[in-house]
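Sequential numbering from 1 along the given sequence is applied to the chain's residues. Bear in mind that the values here come from a model prediction, so they are computed numbers and not experimental data. Atoms within each ligand, like the ligands themselves, are counted from 1 in listed order.
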Amino acid sequence: MGAIELVTDLPGPRSAAVLERKARVVCDPLDIHAPVVIDHGLGARITDLDGNSLLDFSAGLGCQLVGYSHPKVVEAVQRQAAMVSHTDFSVIPYEPFVELAEGLVGRTGVRTGKVALFNSGAEAIENAVKFARSATGRPALICFEGGFHGRTLLGMSLTSRNKPYKTGFGPFAPEVYRLPYAYPYRSPDPAAAGALALEAFERAFVTVVDPATVAAVLVEPIQGEGGFVVPPAEFLRGLKEICSRRGILVVADEVQSGTGRTGTFLASEQFGFEPDMVVLAKALASGYPLSAVVGPSAVMDAPGPSAIGGTYVGNPVACAAANAVLKIIDEEGLLERSEQVGKTVRARWEQVAAEVPEVGEIRGVGAMVGVEFVADRETKRPAPAYLDALMRETISRGVVTVGCGIYHNVLRHLIPLVISDDDLEEGLEVLAEAAVAARRTAGIGDRASEVEGS
Ligand SMILES: Cc1ncc(COP(=O)(O)O)c(C=O)c1O
C-alpha cells in the first residue's frame, strides 16, 4: 500500500470541526497552511483526524529530519520525562544538557568551544548577539538581504522581508545594517555574484558602518526562508577572511540548514566556511523546543555570571530528544541519505522542468533543495501565484509542501531523511503531477494573478 491515502476531501469533517473551533479562539495571524488536523505521524507520513494519510515534505518546517515519532526519540523522551522534566539548569543541573554540549562541540568543529542552550531559533540568535557584543565590546550587527533570523524584536530587526514579518511591528532594534547577499540566479552577473556581494560588503565599511563598531555578522550559509539561496563558497569564505582581519565575529545561522540537512552536520562545511559561532535549532531535537549557540570559549565565557539563561533553556526532555537525534544521524547514516534524497529530488525536478516552463532554477545542497518559479525564464519575473497554486495542488493530492523566497516563489523541500525510497518516489510523482496541474489553476498568462501574493 502507498503512503498516501485520502478517504475524505480535505479537510475531512473531523478536521473541519476543529478548524472551526480554532477560528473562534486562536488568533488569525496563526493561519493554517494545510487544511488537515494531525492525529499522529510516523517517519515522513502523517495521519489526520479523519484517517487521511499524507506525506509531509515540510517535516514540520524542517524539524522532523529524523522523521515523526522516531522510536529512539520517543523512548528517550519518555524515559527522561519519567525521571525529571524540568529544574532550571542553572539552579539544579542535569547530565543530558552536558552530554548534548559535548556532542555539539565535537560536531561543529569549534574545538575549543563551549555551548549554551535555549528554546527557539530566535532566542538563540538573540543570545549569540549578546555573546558577541559582550566579547567584542561593540554594538553593531551586519545581516543580509533575504535573511531570516526569527520573530523576536532583534530577530525581526535582523530579518529582511517586510511582509509578513515586519510591517506594522516597528520600531526595530538599532545598530542593524543589512547588505546584499550573493544570490547567483538574481545577480546581474551570476558568475561574479560572490565577488559583487563581497565588494558591497567592504564598501559598507566606508559608507554604512565603521567596522570598528561591528560585533558580528549574522549569515545563513544557505538562506532558508529567503529562498534556499546557495551562495558561492568564495562569498562565505571571503566574509570570514574580511571579518577576521577586523575583529568581527562571524555567526552562522544554521537553524534551518544545520543538523545534517545538507549532507554534512553543518551546511558551512560544504563551503569550507569556518564561522566563529554557530546557531542551531529546528531539527536538533526533532521538534522539541531546543536551540544552541556554539562558539569559542573566549566568546562564550565573556558575559558575567548569570548574564545568560532563562527558566526553560535546555529543557531535559528536549536535550534527551536531541541526544537521540545525534545518535540516529550517525547510526542510520542520515548524512549520506541526505545526499541521495537530494539527488533524487533534483533529478525529478529536472524532468518536470522539461514540461513546465515556470521552473526557473533547481538549486540546493544535499537534501536542502529549492525550486524557484518564474513567469518567464528570460526576465526571471517571479511567479508567486504559480507557487501558491502548486502547493494547493500537492496538498490536495496528499503531499504537504511549503514555500519560501523573498518573492514567495520558491518551493522548499525539507523531506524527513528517514523516508523510504518508495515513499519518496510516490511524493515526487505527486509533485510532478501537481506542477502540471498548477499551470491551469494558476491561470498562467494572467499577469494580475502572477503578482498577487508577492
Ligand atoms: C535561519 C533561521 N533562523 C532563525 C529562525 C527562527 O527560529 P524559531 O522559529 O525557532 O525562532 C528560523 C526559523 O525558520 C530560521 O530558518
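Side chains of Y68 and D56: a donor-acceptor N/O pair is present below 3.5 angstrom, by distance only.
In this pair, F235 and Y181 present their aromatic rings perpendicular. The plane angle is above 60°, beyond the 30 to 60° band. Classified by interplanar angle (parallel below 30°, tilted 30° to 60°, perpendicular above 60°), the ring pair W349/H413 is perpendicular.
In this structure E220 satisfies the salt bridge (Lys or Arg N to Asp or Glu O under 4.0 Å) test with no other residue, sequence neighbours excluded. For D301, the side chain to side chain donor-acceptor pair (under 3.5 Å) partners two or more places apart in sequence, or in a different chain, are K114.
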Pairs under 3.5 Å, N/O atoms on ligand 1 and on the protein: can you put them in a table with the distances?
residue	atom	partner	partner atom	Å
ligand 1	3 (N)	F148	O	3.2
ligand 1	3 (N)	D253	OD1	3.2
ligand 1	3 (N)	D253	OD2	2.7
ligand 1	10 (O)	G121	N	2.7
ligand 1	11 (O)	G121	N	3.4
ligand 1	11 (O)	A122	N	2.8
ligand 1	14 (O)	K282	NZ	3.2
ligand 1	16 (O)	Q256	NE2	2.9

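Listed by first and then second residue, the salt bridge (charged side-chain N to carboxylate O under 4.0 Å, His left out) pairs involving residues 279-297 amount to none (not counting sequence neighbours).
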